[in-house]
Amino acid sequence: MGDDGIDGREPFSAAGGPYGALVLHGLSGTPGSVRGLGMALAGAGLAVEGPLLPGHGTSVEDLAAVGWPEWTAAAEAAYADLAARCARVVVAGLSMGGTLACWLASRHPVAGLVCVNPIVEPPAPSFLEILRDLLAGGNTMLPSIGGDVAKGDEREPAYDRLPVATLLSLMEALGGLEGDLGRITAPLLLFTSRRDHVVPPSSSDHLAERVAGPVERITLEDSYHVATLDHDGPMIERRAAEFAGAVALG
């Protein structure tokens, strides 16, 4: 999948057969956080795309200038490119990448959906007010949400700060996504870390309870939020590759 010159900030791709997979990274992260998952899907014979989402991989100021509309547009374009050359497409995502994967699956006939600790549960109105009050008071940055990994020698390629406006854009979008979850009919493979310091496991419960398609759930006992880089990463890759191969063949 690419050459050794590709680092965590850059998109990745891999040629494959008649089936495709779109792999989406999380908020403030990069394709490096899901590259192993993408490589596993490519190993299963799928043509894989792992785009760098707008505002990521450059500077935190670039991230502050974008939000949900730009990310959905990028995800839509990447999906359309794969769908134009692949008979069936699986969509996978980590954290906010899972949010975008769900958004795509509610709008397109994806073959399957793989989510790792996705953000889908709408926040309490009080949390939105806190974010708006921070912005009104001139507080534009929060501490980083990246790097929640139990494996001591692993590091997520992510920004060291998170723009308040960017987080607010995502949180506000969850309310709109809520009504679309019931339109997801594709099979869902859902990985949830029991100990997640970024997204509560209840977000996975929320998703599983609302989609219309079949759900297979796997609880991760030995990983934190960025589970694709954590102790359970190899198992996630193996199970996702088996799942994608099965649903792509239909």
Side-chain angles (χ1 to χ4, degrees), residues 1-2 6 11-26 29 31-53 74-120 181 183-193 204 207-208 211-220 223 226-230 232-250:
M1 179 168 307
I6 290 180
F12 59 77
S13 63
Y19 309 112
L22 176 61
V23 184
L24 300 165
H25 66 80
S33 63
V34 291
R35 192 166 187 266
L37 175 57
M39 291 175 68
L41 294 172
L46 283 77
V48 180
E49 295 293 337
L52 178 67
L53 296 172
E76 181 77 32
Y79 175 83
D81 178 68
L82 269 175
R85 53 193 170 92
C86 297
R88 296 169 70 83
V89 177
V90 174
V91 183
L94 164 69
S95 191
M96 185 186 77
T99 319
L100 290 167
C102 290
W103 183 85
L104 286 169
S106 73
R107 286 160 172 75
H108 298 283
V110 306
L113 180 62
V114 179
C115 290
V116 183
N117 295 323
I119 306 173
V120 292
L181 296 178
R183 296 163 55 187
I184 298 175
T185 59
L188 166 64
L189 178 61
L190 180 57
F191 296 95
T192 309
S193 295
S204 287
L207 176 61
V211 296
V215 180
E216 178 182 359
R217 298 197 64 173
I218 298 176
T219 299
L220 307 176
S223 298
V226 191
T228 49
L229 295 180
D230 221 326
D232 293 304
M235 182 270 287
I236 293 172
E237 293 167 8
R238 176 176 55 82
R239 295 295 295 269
E242 292 170 352
F243 169 83
V247 298
L249 291 174

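When reading the values below, keep in mind they use all heavy atoms of this one structure, side chains included, and skip hydrogens, waters and symmetry mates. Predicted model, so just to flag it, every value in this text is computed and none were measured.
In this structure, CD1 on Ile184 lies 4.5 Å from SG on Cys102, to the nearest 0.5 angstrom. We find the CG-CG distance between Leu94 and Leu229 to be 8.0 Å, quoted to the nearest 0.5 Å. Rounding to the nearest 0.5 Å gives a distance of 9.0 Å between CG of Leu100 and CG of Leu22. Between the CD1 atom in Ile218 and the CG atom in Leu189 there is a gap of 5.0 Å [rounded to 0.5 Å]. The CG atom of Leu24 lies 11.5 Å from the OG atom of Ser95; values are rounded to the nearest 0.5 Å.
Across all their heavy atoms, Ser204 and Thr192 have their closest contact at OG-OG1, 2.8 Å. Closest of all the heavy-atom pairs between Gly93 and Ala101 is N-CB, 4.3 Å. Between Ala111 and Val90, the shortest heavy-atom distance links the atoms CB-CG2, 4.2 Å.
In terms of the side-chain contact (heavy atoms from CB on, under 4.5 Å) criterion, residue partners of Thr99 (sequence neighbours excluded) are, by chain and number, Trp68, Met96, Ile119, Leu170, Leu174, Leu177. With sequence neighbours excluded, the residues forming a side-chain contact (heavy atoms from CB on, under 4.5 Å) with Thr185 are Ala212, listed by chain and number. Scanning for side-chain contact (heavy atoms from CB on, under 4.5 Å) contacts around Ala208 gives Leu190, Val215, Arg217, with sequence neighbours left out. When the ring-ring contact (aromatic ring centres under 6.0 Å, His included) test is applied to Tyr79, the partners found at least two apart in sequence or on another chain are His108. Every residue two or more places apart in sequence or in another chain was checked for a side-chain hydrogen bond (donor to acceptor under 3.5 Å, both in side chains) with Thr228, and none qualifies.
Without hydrogens or angle criteria, Ser223 side chain to Asp232 main chain gives a donor-acceptor distance under 3.5 Å.
Pairs engaging residues 91-102 under the salt bridge (Lys or Arg N to Asp or Glu O under 4.0 Å) rule: none recorded [sequence neighbours left out]. Residue pairs satisfying the salt bridge (Lys or Arg N to Asp or Glu O under 4.0 Å) criterion with at least one member in residues 89-101, sequence neighbours excluded, are absent. Residue pairs meeting the salt bridge (Lys or Arg N to Asp or Glu O under 4.0 Å) criterion with at least one member in residues 109-118: none, sequence neighbours excluded.
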Derivation of the side chain to side chain contact (heavy atoms under 4.5 Å, CB included) call for Asp230 and Leu220: CA-CA 10 Å; Asp230 221 326; Leu220 307 176; over 6 Å; no
Audit row: Leu104, Glu76, side chain to side chain contact (heavy atoms under 4.5 Å, CB included) steps and yes/no: CA-CA 7 Å; Leu104 286 169; Glu76 181 77 32; 3.9 Å; yes
Identify every side-chain donor-acceptor pair in residues 237-250 under 3.5 Å, counting partners at least two apart or on other chains, and give the distances.
| unit_1 | atom_1 | unit_2 | atom_2 | d |
| --- | --- | --- | --- | --- |
| Arg239 | NH2 | Glu216 | OE2 | 2.5 |

For residues 37-53, please give each side-chain donor-acceptor pair under 3.5 Å, one per line with the distance, not counting sequence neighbours.
| unit_1 | atom_1 | unit_2 | atom_2 | d |
| --- | --- | --- | --- | --- |
| Glu49 | OE2 | Arg85 | NH2 | 2.7 |

